[in-house]
Amino acid sequence: MTYLYDALRAEATELLATTGLVDAAEVSLAIPKNNIADLAFPVFAVAKARNAGNPNEFAKLLASEVEVSDDGLILAAEAAGGFVNFTVSPRAFAQAALTEVLSLGDAFGNDTQIGAGKRLVMEYSSPNIARKMHVGHLRSTVIGHSLHKIYQALGYEVIADNHLGDWGTQFGTLLAALDQWKLTPWNDPDPVQSLVEIYSRYNNEARENPALMDDARSWFRKLEEGDAWARQTWQRLIDITMSEFDATYARLGVTFDTTHGESYFEPMLNAVVQEAIDKGVATVESGGPVVVDFGDMLPSCLLRKTDGATLYQTRDAATCLYRWQTYGPELARNIYVVGAEQKLHFQQVFEIVRRMGYVEIADRSVHIPFGQVTDAAGQRFSMRKGTAIFLNEVLDEAIERAEAIIREKISEGKTELTDDAIASVREIVGIGGIIYADLYQGPDRNIKFDWERIMSFTGNTALYIQYTHARCRSILRDAGADFPPHHADASLLIEPEEQAVLKQLSRLPHVIREAGDKFLPATVAEWTYTLAQEFSRFYEKHKVLKAATPELRDARLNFVSAVAQGLKNGLALLGIAAPEKM
RNA sequence: GCACCCGUAGCUCAGCGGAUAGAGCAGUGACCUUCUAAGUCAUUGGUCGGGGGUUCGAUUCCCUCCGGGUGCACCA
């Protein structure tokens, strides 16, 4: 897909190449700082490579040799320091920019050729069955979901997998408790909460009475062996937990294509361990444990314990191989959105797979790590200490805070909304705020969970972007039958504020590609925020409905429509909704 | 001890080889009879953790030190 953004760069490159002073391949263009120009070519590297002397002089020479054409997008080339700066022709640029946004609509920014014919597996969220989702699950869910949207925009067939924690001795514990105490948590008002309490109570009692743990282990063994009641009850635990998780995902707008929990891979583990041994990747040590030694490269790890049980690494190696076998060579990437504390784990898993001879999938597997969510004092939230904040509580609180600000604006006479509209807008604003607070920054840092910051109602927030979108839609509503206009001449949009908005709009395709390359939704968040900011500056200074001429009014109506579209598309890539009115 | 991540304005973060280091919040001062002031404009605030090095040029790359976080086989 060739966008205006691409055409502009191609034209600048061509202009430079036709001077004969540089080759097209040597030209790498940058976006200038402080809006000095629209595109820049830093000549330093080329000047040096060609022994062309002083970069400032070389830039002057280049700029003087560039001959712009009358029907091109570029108006002029000027030297400034060691740069050749290009400025666009405002009318032609406005025309082209507006046309592509309005004609592509929801698809504006997408470049489906990039991923065409390629598949991509993404593992994210991955909570544990019989537990509550807490703030710690938010990051994986929200980052994963946004990347999911971004890769779809790039044309990949994305398979989102929720890798549930649905296996392990904790299920033996729960089965033992349910059996001994004859409990039916599925009939309780908050079944998952009951499971959490039952689990905790059983473990507490087991501290006094170690025989209880033997019972738990024996129930897990029965589960593994396929005991009918154990299997049926285990499935029931999954069902009641998933019905709660699904409700949370629905609030966040998150969906998955597969939910292959750890149990799904259980039957494959023995074969994987055996294959690793056969290929000399792992060795059986005296006493029985199966060890992988990476030499100086990485700390060694286990594929099988002395008691014969498998480990996390075993399961993830099996998962990785399963995906490669199931999704085939079209699988371009196997992505794990999992906390940074698992970094070493994934290095080990990918290296095991590589040493087993599956180099392609090892190369295509990537771990997207992110920092932890801590409390205001920088302490980790702990389930055990009871300091954990549950995800549903976070969402409830966000929605309440959103409603409070909405009602405040209504009471100040700033807006009018029906009760139905309030009910919808508070969700969009509250949940959007939570998502944006996580995505607007890169994933590496730890995040201090701070209500004042994540539910701020001013500045760089989802709310600001949503508000800007609502203002755009409001203008279009007020235009009534005049929108869409029959004839609109976008070349009238030559005010600096209009040009700034259009330039930002035209960069979305580039931003989506970059976000995909860097696995970084924050790139899209920043673009969307900047677009809202540029539009707000326009909005402050210029009138749309009361523009000086009917022609200008028509052009600006289309302009506003394009901005709304851009804001909506940007937010959608983050997994955030754009309200029509707020 | 070893490995990885982070350290940029009072606070939260962009920028990651190029032009005077940018936003938001907080502070100060303006702007609503005019399309939603949830906004806009102006302004205050920086030895880019310290020190070396590579480079025409370093917040950005390399080394080293300091501070904070995380991980380092029979948990996941």
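Each chain gets a letter, A, B and so on, in the order its sequence line appears, and its residues count up from 1. If you're wondering where the values come from, they're calculated on a predicted model, not measured in any experiment.
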For [X], answer base if it contacts any base atom (sugar-phosphate contacts may also be present), sugar-phosphate if it contacts only those atoms, and nothing otherwise; contact means non-hydrogen atoms under 4.0 Å.
X: A/Pro369; value: nothing
X: A/Ala47; value: nothing
X: A/Tyr539; value: base
X: A/Asn85; value: base
X: A/Gly82; value: nothing

Does the structure show a Watson-Crick or G-U wobble partner for [N], both distances under 3.5 Å? Name it, or say none.
N: B/U33; answer: none
N: B/U54; answer: none
N: B/G27; answer: B/U43
N: B/A19; answer: none
N: B/A14; answer: none
N: B/C72; answer: B/G1
N: B/G7; answer: B/C66

Among all residues two or more places apart in sequence or in another chain, which pass the ring-ring contact (aromatic ring centres under 6.0 Å, His included) test with A/Tyr322? A/His260, A/Tyr264, A/Phe265
[N] OP1/OP2 closer than 4.0 Å to side-chain N/O of [X]:
X: A/Thr458; N: B/A38; result: no
X: A/Lys48; N: B/C56; result: yes
X: A/Arg537; N: B/C41; result: yes
X: A/Lys33; N: B/A19; result: yes
X: A/Tyr464; N: B/U40; result: yes

Indicate whether the side chain of [X] and that of [Y] have a donor and an acceptor atom separated by less than 3.5 Å.
X: A/Ser263; Y: A/Asp166; value: yes
X: A/Asp161; Y: A/Tyr124; value: no
X: A/Gln342; Y: A/His367; value: no
X: A/Gln313; Y: A/Gln348; value: yes

Take A/Phe41 and A/Phe86 through the test ring pair (Phe, Tyr, Trp, His ring centres under 6.0 Å) and record every step on the way to the result. CA-CA 8 Å; A/Phe41 173 50; A/Phe86 295 95; 8.0 Å; no
Measuring only the [atom1] atom in each nucleotide, how far is [N] from [M]? A whole number of Å is fine.
N: B/A38; M: B/U20; atom1: C1'; result: 33 Å
N: B/A26; M: B/C13; atom1: C1'; result: 15 Å
N: B/A14; M: B/G24; atom1: C1'; result: 10 Å
N: B/G67; M: B/G27; atom1: P; result: 35 Å
N: B/C62; M: B/G69; atom1: P; result: 24 Å
N: B/G15; M: B/U40; atom1: P; result: 22 Å
N: B/C41; M: B/C5; atom1: P; result: 38 Å
N: B/A37; M: B/G29; atom1: P; result: 23 Å

Rounding to an integer number of Å, can you tell me how far [X] [atom1] sits from [N] [atom2]?
X: A/Lys541; N: B/C31; atom1: NZ; atom2: C1'; result: 14 Å
X: A/Lys581; N: B/C35; atom1: NZ; atom2: P; result: 14 Å
X: A/Glu452; N: B/G24; atom1: CD; atom2: P; result: 20 Å

Pull out every protein N or O sitting under 3.5 Å from an N or O of nucleotides 71-76 of chain B, one pair per line with the distance.
unit_1: B/C74; atom_1: O3'; unit_2: A/Lys305; atom_2: NZ; d: 3.3
unit_1: B/C74; atom_1: O2; unit_2: A/Thr306; atom_2: N; d: 2.6
unit_1: B/C74; atom_1: O2; unit_2: A/Thr306; atom_2: OG1; d: 2.9
unit_1: B/C74; atom_1: N3; unit_2: A/Thr306; atom_2: OG1; d: 2.7
unit_1: B/C75; atom_1: OP2; unit_2: A/Lys305; atom_2: NZ; d: 2.7
unit_1: B/A76; atom_1: OP1; unit_2: A/Arg315; atom_2: NH2; d: 3.4
unit_1: B/A76; atom_1: O3'; unit_2: A/Glu262; atom_2: OE1; d: 3.3
unit_1: B/A76; atom_1: O3'; unit_2: A/Glu262; atom_2: OE2; d: 2.8
unit_1: B/A76; atom_1: N1; unit_2: A/Gln342; atom_2: OE1; d: 3.3

Check for me whether A/Arg131 meets the cation-pi criterion with A/Tyr199, that is, NZ or CZ under 6.0 Å from the six-membered ring centre and within 45 degrees of the ring axis. yes
Set out, line by line, the N/O atom pairs under 3.5 Å between protein and nucleotides 3-5 of chain B.
unit_1: B/C4; atom_1: O2'; unit_2: A/Lys343; atom_2: NZ; d: 3.0

Please answer whether the main-chain N or O of [Y] pairs with a side-chain N or O of [X] as donor and acceptor at a distance below 3.5 Å.
X: A/Thr319; Y: A/Arg315; answer: yes
X: A/Thr530; Y: A/Glu526; answer: yes
X: A/Thr468; Y: A/Tyr464; answer: yes
X: A/Gln466; Y: A/Ile428; answer: yes

Among B/U40, B/U34, B/A38, which nucleotide sits nearest the side chain of A/Ser536? B/U40
Toward the 5' end of RNA chain B, by each residue's nearest nucleotide, A/Lys448 or A/Arg471: A/Lys448
By nearest nucleotide on RNA chain B, pick out whichever of A/Gln441 and A/Ala80 is the more 5' one. A/Gln441
Over 12 foreign heavy atoms within 6.0 Å of CZ, A/Arg50: yes
Per the glycosidic torsion and the 90° limit around 0, nucleotide B/C32 is syn
Indicate whether A/Tyr467 forms a stack on B/G39; treat it as stacked only if centroid distance is below 5.5 angstrom and interplanar angle below 30 degrees. no
Would you check if A/Phe83 stacks with the base of B/G18, given a 5.5 Å centroid limit and a 30° plane limit, both strict? no
